[in-house]
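Heads up, the thing below is written out as structure tokens.
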2 protein chains.
Amino acid sequence: MTNTDRSPDTPDIQRSAPVAGGRPTKQRLAVANVLDSFDDFRSAQEIHALLGTKGENVGLATVYRTLQLLADAGEVDVLRTEEGEAAYRRCSDTHHHHLVCRTCGATVEVEGPAVERWTKSIAAEHGYRDISHTLEIFGTCASCS
Amino acid sequence: MTNTDRSPDTPDIQRSAPVAGGRPTKQRLAVANVLDSFDDFRSAQEIHALLGTKGENVGLATVYRTLQLLADAGEVDVLRTEEGEAAYRRCSDTHHHHLVCRTCGATVEVEGPAVERWTKSIAAEHGYRDISHTLEIFGTCASCS
DNA sequence: AAACAGATTGAGAACCGTTGTCAAACCGAG
DNA sequence: CTCGGTTTGACAACGGTTCTCAATCTGTTT
Ligand SMILES: [Zn+2]
Ligand SMILES: [Zn+2]
Ligand SMILES: [Zn+2]
Ligand SMILES: [Zn+2]
């Protein structure tokens with residue numbers, strides 16, 4: 001691990017913004033960049049492997065740590081698959097949900113103001129406060145039918 | 001493990017219906033019964049421990065297997081906690097969602113026909129079929145505020 | 001530029017929920 | 001009772017995630 005390694009083949013940094021307040025290290029930038037190369041949900045291990053194929057060797061623990069950082073900062077969305085593993089995806093910064101293909105993972109961001117209102121009012125009706133919610137829709141996309 | 005053990009202190013079977021098509025063994029009935037003794041979501045291990053305190057010693061693997069049976073049969077609802085572990089609860093048999101207290105686990109079943117309609121139409125709009133969805137609402141209940 | 005202090009990394013161990021293994025026990029049919 | 005498929009439980013194995021800690025890096029201060 002030599003961060004001073006700046007040989008000619010080292011790809012230029014594409015994402016200049018620091019990663020969630022921490023130091024913009026080579027590894028964190030690599031993770032942040034690879035997140036832009038797909039638009040479906042990928043597990044931490046898949047992302048780690050993907051980095052490997054691109055010549056960016058980042059330790060698995062660091063991938064986990066960075067994804068957690070990004071998730072905490074709201075820069076990526078986290079989804080629990082039905083098998084219980086966490087999957088990550090770079091998303092728009094407004095609140096939204098996902099329509100995910102069960103087969104190929106193709107993901108569509110969806111918004112539903114009515115749902116947002118409904119959850120709030122239901123929760124208030126029962127005296128619950130500090131509401132949050134999770135809503136994911138699963139199905140088989142057109143090309144997988 | 002002696003299933004013929006029917007000493008006088010053995011509690012009578014309360015739930016006579018067979019468990020999800022399989023054999024109504026002592027262990028399965030014990031699990032099915034203990035599920036009636038709480039109305040919030042409990043992990044498999046918590047349920048296993050709870051059985052222990054009631055003198056019903058059921059193997060952990062059997063608890064997992066039985067809960068899976070019941071879940072497949074739709075007799076219990078499964079929820080993935082944010083830490084990724086599965087939690088179980090006996091629920092009404094109609095489709096519904098949950099409003100869960102983040103602190104004490106108090107759970108309210110909620111229904112929202114509008115949400116059901118919305119998920120279907122959104123999915124159809126994008127050409128997705130065989131739709132399913134997950135929706136959970138989290139908050140702090142009145143007594144935990 | 002050299003030194004320093006704190007942040008970050010990576011390899012591997014540890015953790016923990018869950019599932020698999022398999023011999024022993026069980027159960028219902030005949 | 002006997003027999004064959006089902007179920008059980010102790011324990012091993014598994015997979016994803018987190019922890020540990022020494023080595024390395026980075027920004028800042030001399
Ligand atoms: Zn698809
Ligand atoms: Zn929402
Ligand atoms: Zn509460
Ligand atoms: Zn629903």
Side-chain angles (χ1 to χ4, degrees), chain A residues 1-7 10 13 16 18-34 41-52 55-73 76 78-88, chain B residues 1-7 10 13 16 18-34 41-52 55-73 76 78-88:
Chain A
M1 177 186 51
T2 109
N3 271 20
T4 43
D5 160 79
R6 280 299 170 89
S7 45
T10 299
I13 290 169
S16 56
V19 176
R23 292 182 184 171
T25 64
K26 191 181 179 186
Q27 291 88 347
R28 288 179 180 176
L29 292 170
V31 172
N33 280 329
V34 81
F41 283 88
R42 304 283 178 97
S43 72
Q45 315 227 35
E46 285 173 333
I47 291 171
H48 175 245
L50 195 50
L51 281 165
E56 304 271 4
N57 288 87
V58 181
L60 180 56
T62 300
V63 173
Y64 272 104
R65 284 186 288 236
T66 304
L67 287 172
Q68 205 152 294
L69 270 183
L70 292 170
D72 289 346
V76 297
V78 192
L79 185 60
R80 282 270 170 197
T81 70
E82 296 195 3
E83 295 80 43
E85 65 184 318
Y88 304 83
Chain B
M1 175 186 52
T2 111
N3 270 21
T4 42
D5 162 77
R6 280 300 170 88
S7 46
T10 299
I13 290 168
S16 56
V19 176
R23 291 181 184 170
T25 64
K26 190 181 180 186
Q27 290 87 347
R28 288 180 181 175
L29 291 170
V31 172
N33 279 330
V34 80
F41 282 88
R42 304 282 178 98
S43 72
Q45 313 226 39
E46 286 173 332
I47 291 171
H48 175 246
L50 195 50
L51 281 165
E56 303 271 3
N57 288 87
V58 181
L60 180 57
T62 299
V63 173
Y64 272 104
R65 284 186 290 238
T66 304
L67 288 173
Q68 206 152 294
L69 270 183
L70 292 170
D72 289 346
V76 299
V78 192
L79 185 60
R80 282 266 170 201
T81 69
E82 295 194 4
E83 295 79 44
E85 65 184 317
Y88 304 83

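First the proteins, then the strands, lettered A, B, ... as listed; each starts at 1.
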* Asked: With a 4.5 Å limit on heavy-atom distance, are the side chains of V34(A) and E56(A) in contact?
  -> no
* Asked: Taking for each residue the nucleotide of DNA chain C with the nearest heavy atom, is it G59(A) or E85(B) whose nucleotide lies nearer the 5' end?
  -> G59(A)
Atom pair distance, as rounded to whole Å: [atom1] in [X] and [atom2] in [N]:
| X | N | atom1 | atom2 | value |
| --- | --- | --- | --- | --- |
| L69(A) | dT8(C) | CG | P | 8 Å |
| R65(B) | dG20(C) | CZ | C1' | 9 Å |
| E82(B) | dC16(C) | CD | P | 19 Å |
| L51(A) | dG10(C) | CG | P | 10 Å |
| R80(A) | dG17(C) | CZ | P | 12 Å |
| L67(A) | dG16(D) | CG | P | 15 Å |
| K26(A) | dT24(D) | NZ | P | 15 Å |
| L60(B) | dT19(C) | CG | P | 10 Å |

* **Rounded distance (nearest 0.5 Å) linking atom CG of N57(A) with atom OG1 of T62(A)** => 11.5 Å
* Structure fact -> Taken to the nearest 0.5 Å, the spacing of E83(B) CD from R80(A) CZ works out to 8.0 Å
Any [X] side-chain N or O less than 4.0 Å from OP1/OP2 of [N]:
| X | N | value |
| --- | --- | --- |
| Y64(B) | dT18(C) | yes |
| Q68(B) | dT18(C) | no |
| T25(B) | dT8(D) | yes |
| Q45(B) | dC16(C) | no |
| T62(A) | dG10(C) | yes |
| R28(B) | dT8(D) | yes |

* Asked: For the residue pair A44(B) and Y64(B), what are the closest heavy atoms and their distance?
  -> CB-CE2, 3.5 Å
* Structure fact -> Correct closest heavy-atom pair for L51(A) and A30(A) would be CD2-O, 3.6 Å
* 5' precedence on DNA chain D between A61(A) and N57(B) (nearest-nucleotide basis) -> N57(B)
* Structure fact -> Out of dC26(C), dT9(C), dG17(C), minimum distance to the side chain of Q27(A) belongs to dT9(C)
